[in-house]
Amino acid sequence: MTKPDLLVEFQSVFNTPNLPRSFFAPGRINLIGEHTDYNGGHVFPAAITFGTYALAQKRDDQKLRFFSLNFPDTGIIECDLMDLAYNKAHDWANFPKGMISYMRDSGFPLSTGMDILFYGNIPNGAGLSSSASIEMVTGVLLEALFELDIDRLQMIQLGQKVENDYIGVSSGIMDQFAIGKGKKGQAMLLNCQTLAYNYAPIELDNHVIIIANTNKQRTLAGSKYNERRAQCEQALTDLQVELSIQSLGDVSNDQFEQYKHLIQDATNRQRAKHAVYENERTLTALQQLHKGNLEAFGQLMNESHTSLQQDYEVTGIELDTIVKAAWEQPGVIGARMTGAGFGGCAIAIVEKDLVDNFKSNVNQIYSETIGYAATFYTAAIGDGARELTEGVY
Ligand code: GLA
């Protein structure tokens with residue numbers, strides 16, 4: 001869908017001649033380090049140039065009016081600034097509502113209502129974090145419209161809290177962090193236990209990152225995400241009987257092999273194995289990238305996928321088919337699922353000159369096996385959540 005003229009849409013939806021302010025928050029990909037964030041491990045995500053736009057203006061009263069160009073059929077969703085409780089009927093608008101609610105509850109004075117128009121060009125439910133993107137775009141628009149002195153980390157943490165407590169998905173901090181602090185051309189290594197992070201330039205020579213959308217929709221809330229998290233927590237509790245650790249992120253591969261018998265349940269043991277090995281893999285992957293060894297980085301991406309398939313069991317036939325087809329193509333350095341899994345997107349590092357060949361071959365294998373087509377995008381790594389320059393819509 002080509003981006004509509006957002007100013008025209010805003011003025012017509014809200015029937016106003018005013019010029020609103022304009023904001024953007026990206027989506028994200030995760031290069032490696034999957035299902036490690038809530039296990040106190042490392043992740044290596046990057047913000048992308050697809051994301052959520054929001055045009056917003058304050059009102060004179062206490063009304064909040066939300067409209068999304070992605071869900072025009074739901075029309076304007078309206079509520080009062082004093083009544084921000086989760087409401088199923090408010091559907092997608094619960095994400096911005098949750099953010100407004102938690103920012104206000106954290107003591108940030110939000111004195112009036114607002115009209116806000118959203119438009120996202122991240123495919124929904126594709127595992128590229130459209131929900132964290134809408135939370136963070138709401139965060140930055142509140143910061144600007146009400147001149148709030150809010151630390152970016154606090155905004156990120158409030159976004160995660162919306163997801164955890166307001167929406168009810170026990171997700172980690174990776175998505176809001178990548179979206180809140182993303183930088184053009186850079187991925188970031190984040191230690192999810194200490195929240196220490198470093199940027200790392202993504203220079204892929206003559207390669208690009210291709211996002212391959214399986215078009216199998218997934219929603220975090222409806223998925224087995226919370227179950228995986230609980231399984232890892234149980235494994236941690238079992239290990240703590242003998243090990244003095246705070247999270248699975250504290251455990252090395254060797255230590256895991258030595259103490260894994262403490263984990264009572266075989267499935268939980270498998271889940272924990274993924275979390276531990278994936279954490280170490282992520283650190284090794286970054287070292288390889290620093291050395292300029294792209295081949296080794298790609299190999300670790302492949303191993304990450306296999307571990308998510310066999311030990312964590314969050315891939316499914318669609319992601320496995322698309323990733324396996326990607327592995328078989330010439331010019332592919334590495335490929336894996338990205339995000340929570342259970343459908344959604346995979347990423348592949350592909351030689352520029354072979355991208356067209358890659359897309360058509362992968363799509364052919366995918367459509368023949370799954371029965372419908374995949375969609376491909378070239379990922380560009382962009383900046384994090386921000387206000388757009390005046391006059392840019
Ligand atoms: C989702 C969650 C993240 C993270 C990933 C898996 O995107 O929101 O916190 O757990 O899944 O790595």
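Each ligand, and each atom within it, is numbered from 1 in the order the structure gives. The basis for the numbers below is simple: all heavy atoms, side chains too, and nothing from hydrogens, waters or symmetry mates.
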Which ligand 1 atoms, with their elements, are less than 4.0 angstrom from a heavy-atom of [X]?
{"X": "Y225", "result": "1 (C), 2 (C), 3 (C), 4 (C), 9 (O), 10 (O), 11 (O)"}
{"X": "M174", "result": "4 (C), 5 (C), 12 (O)"}
{"X": "G172", "result": "9 (O)"}
{"X": "D37", "result": "3 (C), 4 (C), 9 (O), 10 (O)"}

Inset, instruction - Return yes if a side-chain donor-acceptor contact under 3.5 Å exists between E257 and N253, otherwise no. - result: no
Legend entry - Donor-acceptor side-chain pairing of S304 and E278 below 3.5 angstrom: yes
Legend entry - Euclidean distance, T306 OG1 relative to W327 CH2, rounded to 0.5 Å: 3.5 Å
Legend entry - R28 near ligand 1 by a heavy-atom separation under 4.0 Å: yes
Inset, instruction - Using non-hydrogen atoms of the residue, decide whether G339 is closer than 4.0 angstrom to ligand 1. - result: yes
Legend entry - Those residues that, when tested against Q299, pass side chain to side chain contact (heavy atoms under 4.5 Å, CB included) (two or more places apart): N302, E303
Inset, instruction - Of the side chain and backbone of Q176, name the one, both, or neither that has a heavy atom under 4.0 Å from an atom of ligand 1. - result: neither
Legend entry - Check: Y38 N/O within less than 3.5 Å of ligand 1 N/O: no
Inset, instruction - May I ask you to check if ligand 1 and H35 share an N or O to N or O distance below 3.5 Å? - result: yes
Legend entry - I322 vs E318 side-chain heavy atoms within contact, under 4.5 Å: no
Inset, instruction - Report the residue from R336, M337, H305 that forms a side chain to side chain contact (heavy atoms under 4.5 Å, CB included) with I347. - result: R336
Inset, instruction - Return yes when atom NZ of K324 has more than 12 non-hydrogen atoms of other residues, nucleotides or ligands closer than 6.0 Å, and no otherwise. - result: no
